[in-house]
Protein chains: 2
Amino acid sequence: MARHPDHRPVETVETAFDILDVLRHTTSAGITELADELDLAKSTVYRHTKTLESRGLVVRNGDTYRISTWFLDYGIHVRNQHPLFDVATPKVDELAAETDEKVWCVIEEGGVGVHIYGAEGRHSVRTHARIGKRTALHQFAAGKAILAHLPADRTERILDEYDLAAQTAQTITDRDELCSQLETIRERGYALNYEESVAGVHAVGAPVKDESGDAIGAISIAGPANRLSGELLTDDLPTLLLGATNEIEINLAHS
Amino acid sequence: MARHPDHRPVETVETAFDILDVLRHTTSAGITELADELDLAKSTVYRHTKTLESRGLVVRNGDTYRISTWFLDYGIHVRNQHPLFDVATPKVDELAAETDEKVWCVIEEGGVGVHIYGAEGRHSVRTHARIGKRTALHQFAAGKAILAHLPADRTERILDEYDLAAQTAQTITDRDELCSQLETIRERGYALNYEESVAGVHAVGAPVKDESGDAIGAISIAGPANRLSGELLTDDLPTLLLGATNEIEINLAHS
DNA sequence: AGGTTTGTTCCCGCTATTCGAACGCGCGCC
DNA sequence: GGCGCGCGTTCGAATAGCGGGAACAAACCT
């Protein structure tokens with residue numbers, strides 16, 4: 001029998017991170033502002049905030065608080081010790097230099113895609129993507145490439161958990177359509193993105209797989225729709241990209 | 001009357017971050033390992049870890065946990081919204097291109113220096129510095145430049161709080177010597193670092209000051225001791241650097 | 001000056017956290 | 001191949017630590 005494991009979370013920890021979340025969104029806030037926002041007593045917020053401050057996790061500036069650069073230290077550390085990072089970085093730089101477009105390295109974590117490294121080409125498009133940005137896997141080329149190359153049951157569980165939210169009018173929101181496209185992606189080895197995440201932006205994405213053939217991340221090349229079209233988008237760039245991801249996989253296996 | 005403010009921290013939050021700290025240092029750890037390390041009951045660690053996992057802050061891989069890329073999201077966000085970041089980034093890139101050396105942008109937070117952006121020159125030295133890295137202010141050029149341009153009472157409080165730990169044999173560990181050097185730095189406007197943080201590495205650092213003349217950060221140029229010497233180190237690079245920081249300060253005031 | 005709003009402190013009651021012990025499982029050692 | 005150590009997990013109970021509210025002080029703006 002499946003028990004009911006009574007997974008009650010530690011509420012005090014949750015409120016601490018609730019405070020941090022509000023601080024992250026508001027740039028800078030005071031005690032009362034936080035208490036109002038979170039429906040907590042001022043004294044509670046006060047004690048929490050002082051605790052976080054004494055650890056250096058938030059920084060006081062007069063009477064407002066902001067979250068500190070400790071999170072930068074934590075975050076960069078997490079990124080740098082990810083197995084894909086060291087191997088992918090130089091290849092991403094190369095691809096950006098060769099194509100003059102924006103190139104991203106994305107990893108999968110908990111069913112979402114996380115941008116861990118990006119390189120600028122000379123004609124890079126500027127999107128809202130940035131290092132650390134988390135994006136639903138079905139919404140972009142790298143994500144679809146990952147989704148297509150995960151174990152079938154994991155893919156299914158991810159699709160069950162998150163619904164297919166639309167980012168643009170072109171985002172795939174129909175599950176059957178997505179699944180049939182994933183099939184295509186599996187066959188040819190790479191994914192395409194026609195303005196599905198950002199209007200006016202096309203992209204190619206290819207998975208990076210581990211020894212067992214499961215995707216652990218992906219590399220993508222993105223650029224303006226008018227420039228990334230025709231054979232460049234469907235032949236030249238995919239060939240270049242697959243060459244790079246192939247090399248990455250080899251280096252990954254021997255590290 | 002001075003009250004006894006009873007600054008009792010929220011202990012539950014502290015244990016949560018204790019767990020995160022251990023996870024950060026160990027790459028990946030299990031429940032028992034964490035409990036032993038922190039002298040806590042397994043069940044306590046279990047519940048905390050599950051809480052953090054349900055928030056996505058740690059990720060389970062089999063039976064071990066590691067901290068998640070959420071911290072990357074938090075951290076990059078903190079960095080990007082720092083007033084200095086947008087203004088300094090392009091100038092740091094320029095300096096790296098012009099000098100072919102490693103250039104860093106450092107900010108001051110809670111009495112320590114935090115590396116928030118670095119640009120590679122073609123002949124960059126590779127040091128242990130990385131984005132997010134925190135360094136005691138007396139140990140490097142950018143830090144000394146900041147220390148020299150903070151309000152006198154803040155400088156003093158910082159020197160009181162942290163003792164002058166040595167990083168290399170050349171690190172300044174004597175307070176009087178440091179203070180007299182800070183005086184020199186104030187007069188000429190920039191700081192020099194002769195292998196005080198990394199053996200074989202010299203550097204120049206200049207402060208970035210806000211409207212009131214207090215340092216909020218600094219820019220530094222670092223390279224091999226044999227290349228960065230003589231007039232290049234004491235004249236040419238400082239001139240170039242001060243030009244850049246001056247521009248940054250102007251842009252900062254108008255943003 | 002007065003009223004409002006902010007951060008800060010105190011203290012009490014109750015609940016959520018902690019611990020320790022026990023369970024079940026899988027791995028590896030014998 | 002089975003025995004046992006070690007792991008993650010669950011449960012119940014006791015208490016200390018968390019959260020709330022009210023009161024204080026100081027800054028702010030009329």
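Only a predicted model underlies this, so the values are computations on that prediction, with no experimental measurement involved. Reminder, nothing fancy here: chain letters follow the sequence lines and each chain counts from 1.
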Asks: Of the nucleotides C:dT6, C:dT17, C:dC19, which one has an atom closest to the side chain of B:Leu40?
Replies: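 Nearest to the side chain of B:Leu40 among the choices is C:dC19.
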Asks: Tell me whether the side-chain N or O atoms of B:Lys42 pair up with the base of C:dG20 as donor and acceptor below 3.5 Å, since no angle test is needed here.
Replies: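 For B:Lys42, whose side chain was compared with the base of C:dG20, there is no donor-acceptor pair (under 3.5 Å).
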Asks: May I ask you to verify whether the side chain of A:Ser43 and the base of D:dG20 hold a donor-acceptor pair under 3.5 Å?
Replies: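 Side chain to base: pair present.
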Asks: Is it true that B:Glu108 and B:Arg154 have a side-chain N and a carboxylate O under 4.0 angstrom from each other?
Replies: yes
Asks: Got a sec, which residues hit salt bridge (Lys or Arg N to Asp or Glu O under 4.0 Å) with B:Asp39, two or more places apart in sequence or on another chain?
Replies: none
Asks: Which listed nucleotide (C:dT18, D:dT9, C:dT8) is nearest to the side chain of B:Tyr46?
Replies: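 Out of C:dT18, D:dT9, C:dT8, the nucleotide with an atom closest to B:Tyr46's side chain is D:dT9.
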Asks: Under 3.5 Å between N/O atoms: give me all the protein pairs with nucleotides 26-30 of chain D, atom names plus distance.
Replies:
none

Asks: Nearest to the side chain of A:Ala41 - D:dG21, D:dG17, D:dT9?
Replies: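 Selected nucleotide: D:dG21.
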Asks: Can you tell me the distance, in whole Å, between the CD1 atom of B:Ile31 and the P atom of D:dT9?
Replies: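 Atom CD1 in B:Ile31 sits about 6 Å away from atom P in D:dT9.
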Asks: Is there a side-chain contact between A:Arg130 and B:Ile76 in this structure, where contact means two heavy atoms from C-beta onward sitting under 4.5 Å apart?
Replies: yes
Asks: Between the side chains of A:Ser197 and A:Gln167, is a donor N or O closer than 3.5 angstrom to an acceptor N or O?
Replies: no
Asks: Have a look at A:Thr44 and say if it touches a base, only the backbone sugar-phosphate, or nothing, with a 4.0 Å heavy-atom cut-off.
Replies: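 If one applies the 4.0 Å heavy-atom cut-off, A:Thr44 turns out to touch a base.
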Asks: Report the distance from atom CG of A:Asp63 to atom C1' of C:dG7, rounded to the nearest whole Å.
Replies: 6 Å
Asks: Mind calculating the distance between CD (B:Glu14) and P (D:dC18) to the nearest angstrom?
Replies: 9 Å
Asks: Any salt bridge (Lys or Arg N to Asp or Glu O under 4.0 Å) pairs touching residues 143-152 of chain A, not counting sequence neighbours?
Replies: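 Listed by first then second residue: A:Lys144-A:Glu196.
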Asks: Figure out the CD1/C1' separation between B:Ile19 and C:dT17, and round it to whole Å.
Replies: 13 Å
Asks: Does the side chain of A:Thr69 pick up a donor-acceptor pair with the side chain of B:Arg134 at under 3.5 Å?
Replies: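 Note: A:Thr69 and B:Arg134 side chains meet the donor-acceptor criterion.
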Asks: More 5' along DNA chain C: A:Ala29 or A:Val13, using each one's nearest nucleotide?
Replies: A:Ala29
Asks: Send over the distance from B:Leu52 CG to C:dT17 C1', rounded to a whole Å.
Replies: 15 Å
Asks: Could you list all the side-chain hydrogen bond (donor to acceptor under 3.5 Å, both in side chains) pairs where at least one residue sits in residues 14-26 of chain B, not counting sequence neighbours?
Replies: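 For residues 14-26 of chain B: A:Arg55-B:Glu14, A:Arg55-B:Asp18, A:Arg55-B:Asp21, A:Asp73-B:Arg24, A:Tyr74-B:Asp21, B:Thr15-B:His48, B:Asp21-B:Arg24.
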Asks: When rounded to the nearest 0.5 angstrom, what distance separates CZ in A:Arg66 from CD in B:Gln81?
Replies: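 Rounded to the nearest 0.5 Å, the CZ-CD separation comes to 8.0 Å.
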Asks: When you measure from the side chain of B:Thr15, which nucleotide among C:dT18, D:dG17, C:dT8 comes out closest?
Replies: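 From the listed options, C:dT18 comes nearest.
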Asks: If you round to the nearest 0.5 Å, how far is CD1 of A:Ile31 from CZ of A:Arg47?
Replies: 13.0 Å
Asks: Quick check on the helix from C:dA1-D:dT30 to C:dC30-D:dG1: what's the angle between its two end axes, five base pairs per end, to the nearest 10°?
Replies: 40°
Asks: OP1, OP2 of D:dC18 versus side-chain N and O of A:His48: anything below 4.0 Å?
Replies: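 Result: no.
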Asks: What residue pairs, at least two apart or across chains, pass ring-ring contact (aromatic ring centres under 6.0 Å, His included) with a residue in residues 128-148 of chain A?
Replies: A:His115-A:Phe140
Asks: D:dC18 C1' sits how many Å from A:Asp18 CG, rounded?
Replies: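 Whole-Å distance recorded here is 15 Å.
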Asks: If only side-chain N and O atoms of B:Thr12 are considered, is one of them under 4.0 Å from the OP1 or OP2 phosphate oxygen of C:dT18?
Replies: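 Checking C:dT18 against B:Thr12, a side-chain N or O does come within under 4.0 Å of OP1 or OP2.
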Asks: Find the distance B:Asn61:CG to D:dG8:C1' and express it as a whole number of Å.
Replies: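 Nearest whole value for this atom pair: 15 Å.
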Asks: Whether B:Thr32 contacts D:dG6 is assessed here as follows: a side-chain N or O lying under 4.0 Å from the phosphate OP1 or OP2. Is that the case?
Replies: no
Asks: Rounded to whole Å, how long is the line connecting atom CZ of A:Arg8 with atom P of D:dC18?
Replies: 16 Å
Asks: Below 4.0 angstrom from OP1 or OP2 of C:dT17, is there any side-chain N or O of B:Arg47?
Replies: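 Answer is yes, contact under 4.0 Å.
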